[in-house]
Amino acid sequence: MSPPLFEPRRRLWLLRTPSTSYAVRIDEDDTVRHVHWGAALTLEQAGELAERTPAAGSSFDAVGGAEELAVEGGARFGPPSLQVRFADGTRAVEWRYAGHDADDGYLSIHLDDRHYPLRLTLHYRVHEDSDVIERWTTVENRDERLPITLRRCDSAAWTLPGRGGYRVSHLVGGWNSEFRLRRAEVATAETVFTSRRGLTSHHANPWLAFDDGTAGEEHGEVWSTALAWSGSWRITLHRDPAGRTTWTGGHGHEGLTWSLAPGETLRTPVFAGLFTAGGFGAASRAWHAYVARHVLPHPGEPRPVLYNSWEATGFDVDEAGQTALAAQAARIGVELFVVDDGWFGGRVGDHAGLGDWTPNPDRFPHGLRSLSAEVHRLGMRFGLWVEPEMVNPDSDLYRAHPDWVMHMANRERTELRHQLVLNLARPDTAAWAHAWLDRLVAEHDIDYLKWDANRPFTEAGWPGHDDPDRLWIEHTRAVYRIMDRLRADHPGLRIEACAGGGGRADLGILARTDQIWTSDNTDPVDRIAIQHGFSQLFPAQVMGAWVTDSPNVATARQTPLRFRFHVAMAGALGVGGDLATWTEDELKEATELIATYKRIRPAVQHGTAYRLTGEGTLTAVGFAHEDRFVVLAWCPSRPYGHQPAPLRLTALDPGATYRDPDTGATYSGAVLLRSGLPLSLPEGDHASALVQLIRIED
Ligand code: GLA
């Protein structure tokens, strides 16, 4: 692809994606200012806009055009993206432009401090097949002797065009209630979205979307960003009284520092952004395509139908029980059998054993090898749950290495779920974690790891280390490195990201995993909302979704098997019920539904997703793929027993005819688009439908 366009007179750059443009310029005082992010512009048009972008004023307000990465220093009063402290105590930064590099789809702008040996580089990358712009920064200490303290170093700051007001869409949640979509007016204030937990968190996700309050699912301008980082993070949104709307974000929460050693360079994670004029649905589809093309390691591979007994058996796993479940799972069409928590050390409950990663001899007298072989013999892949970052104090590992956990002198070690966090920023701890994982995978023919992390950081100290705060960054980097190395050394290995459900879902973890355990909440009604939020950023192929027992363990809600399947079939389908208790009729129905899923899997996992809204509580997702449009529709409640009006579809050819292979019915595209698809839902609450529509060649 071609390099960004450059206009030397104005020192103006224009990055181009297939349907959008992004422009920045450098002021007379060498400040890098934002010019444009939105619909495609020519360099000339961007130049016209650049003329309007105000330089720093000299008035009381002193508001200039928004900066690409505002530093602490000078007459700047908004949230800084970069805060440093030099060895002599000086805190402000003053830039001198130090050149740029431009290559295919890539731009970097270098800035040097006018006095101190600090270099900042702003990086931008665009792709031929995506409107996503990737941004990150590097900061380099060019001194030979003295460290520089970084108090904040964001990946990027983003700016919206000046408008009367904006709305922000974001995700909130908690354990068992992740990814709930919220939309709120952007306040004239600083609004912080953050995780201080050391993990991405259930509570907020580093994804945001903005519109002027008028966008809908299929129309309107939407700007959206996502941070590719799986540890603590912070995004500060700022709408100032002059109406300027910006947000700056990066890894680490407030108050953490990083001592940049002489010669050291810190590279931040990617903060990706995209603009679309096609509404929230188009924004999600653009994210999904970006994740598939530029983030996931194996986007083209079908995600197997998995079985996991966690909800069915809890910690009560043993060879006989798992072997029996594996036989049932294989019978109904499962392709990957995952043994969850409880297989190792003294782990018979959540109070002990984490850290002792050898099979429990009482439960697995033949080790795990015979179970692994049996699962493979049944034609399934074999997966195992691990939690490599954690330790129970009641474990041999902790008794041998109490100093391996994050801790602080003279402070309690706060236990959550009876466990502590290992400090993987320590090279010895990271080497230990890599070694046992590597051995485990190799010796047991493991195809799949469910990598869990069930608690946040507390007392995140590193006694004896002279820059202990770096563990907040280095721990996450170590997790990435271990995953990357395991994948490189075991090319067949696939990894599921889990943190007590969906507590670590982000573009950083997805670059080295294959799917995410969306939530421990498997209630299908709650899942509709959870999946709706999850789908804002993430594609269906990474959304782990299990069919479990009824009544649901989390909510006690009773729902039909078919409804549970239809909700889970909108993601990477799994089964998590106690198959030993399912009736022959249920097993038969499950077998049929799994077979159907395999037929629609190319559409769900590799098609294009359209969120659809019907009447009342009716919602649906349609997946367009080749000549097919697959609809999964859910109606949790039916006031007055009324059948909802036909579901209006989207993304069909109005001139084409579509056939439902299950009923033989044919529909014209125009009717499906304008009047909708009649669903004939079964009676009662928790009704659902799966309809395939195949375009008929004329
Ligand atoms: C977390 C996961 C669950 C299960 C348990 C095991 O809560 O989200 O799916 O693996 O841990 O302890």
Side-chain angles (χ1 to χ4, degrees), residues 173-179 197-203 205 230 306-318 321-322 325 336-357 359-360 363 382-392 394-395 415-422 446 448-456 479 494-506 509 513-523 526-527 530-531 534 542-549 552-555 568 571-578:
W175 177 71
N176 258 359
S177 59
E178 300 88 332
F179 307 111
R197 295 167 189 263
L199 301 172
T200 323
S201 97
H202 302 76
H203 308 81
N205 189 276
S230 315
L306 71 74
Y307 179 78
N308 181 308
S309 72
W310 171 248
E311 262 195 36
T313 63
F315 289 98
D316 294 333
V317 296
D318 61 20
Q322 294 291 303
L325 283 168
L336 162 66
F337 184 83
V338 184
V339 177
D340 210 278
D341 200 352
W343 59 267
F344 53 92
R347 186 79 169 168
V348 294
D350 63 8
H351 59 281
L354 267 183
D356 300 339
W357 297 103
N360 177 328
R363 297 177 157 208
F382 182 61
L384 204 57
W385 179 94
V386 291
E387 197 179 6
E389 299 153 75
M390 306 289 166
V391 64
N392 285 124
D394 184 0
S395 66
E415 290 180 26
L416 294 167
R417 211 192 187 208
H418 312 290
Q419 63 195 58
L420 298 168
V421 188
L422 291 168
I446 287 168
Y448 186 90
L449 289 175
K450 175 177 172 184
W451 183 304
D452 207 341
N454 273 306
R455 58 153 290 170
V479 169
R494 300 292 174 263
I495 303 178
E496 173 178 358
C498 175
R504 187 148 62 185
D506 57 79
I509 207 73
T513 54
D514 302 281
Q515 53 179 285
I516 289 170
W517 179 226
T518 314
S519 175
D520 278 347
N521 184 339
T522 58
D523 176 302
D526 288 350
R527 269 292 175 123
I530 290 171
Q531 296 184 175
F534 188 88
V542 307
M543 185 174 75
W546 305 346
V547 173
T548 55
D549 294 336
N552 184 272
V553 288
T555 63
L573 177 68
V575 176
D578 187 359

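Both counts, for ligands and for their atoms, begin at 1 and track the order of listing.
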Participant: Among residues at least two apart in sequence or on other chains, which ones pass side chain to side chain donor-acceptor pair (under 3.5 Å) with Asp520?
Facilitator: Trp175, Trp517
Participant: Could you tell me whether the side chain of Asn392 and the main chain of Gly355 form a donor-acceptor pair under 3.5 Å?
Facilitator: no
Participant: Which protein residues have a heavy atom closer than 4.0 Å to any atom of ligand 1, listed by chain and number?
Facilitator: Trp310, Asp340, Asp341, Trp385, Arg417, Lys450, Asp452, Asn454, Cys498, Gly500, Gly501, Trp517, Asp520
Participant: Working to the nearest 0.5 Å, report the span between NE2 of His418 and CG of Asn454.
Facilitator: 12.0 Å
Participant: So, using side chain to side chain contact (heavy atoms under 4.5 Å, CB included) as the criterion, who are the partners of Asp341 when residues are at least two apart?
Facilitator: Trp310, Phe315, Phe344, Arg347, Trp385, Arg417
Participant: Test of understanding: with side chain to side chain contact (heavy atoms under 4.5 Å, CB included), list the residues that count as partners of Ala453, not counting sequence neighbours.
Facilitator: Leu199, Glu389, Met390, Ala499, Arg504
Participant: So how far is it from Ile516 CD1 to Glu178 CD, rounded to the nearest 0.5 Å?
Facilitator: 11.0 Å
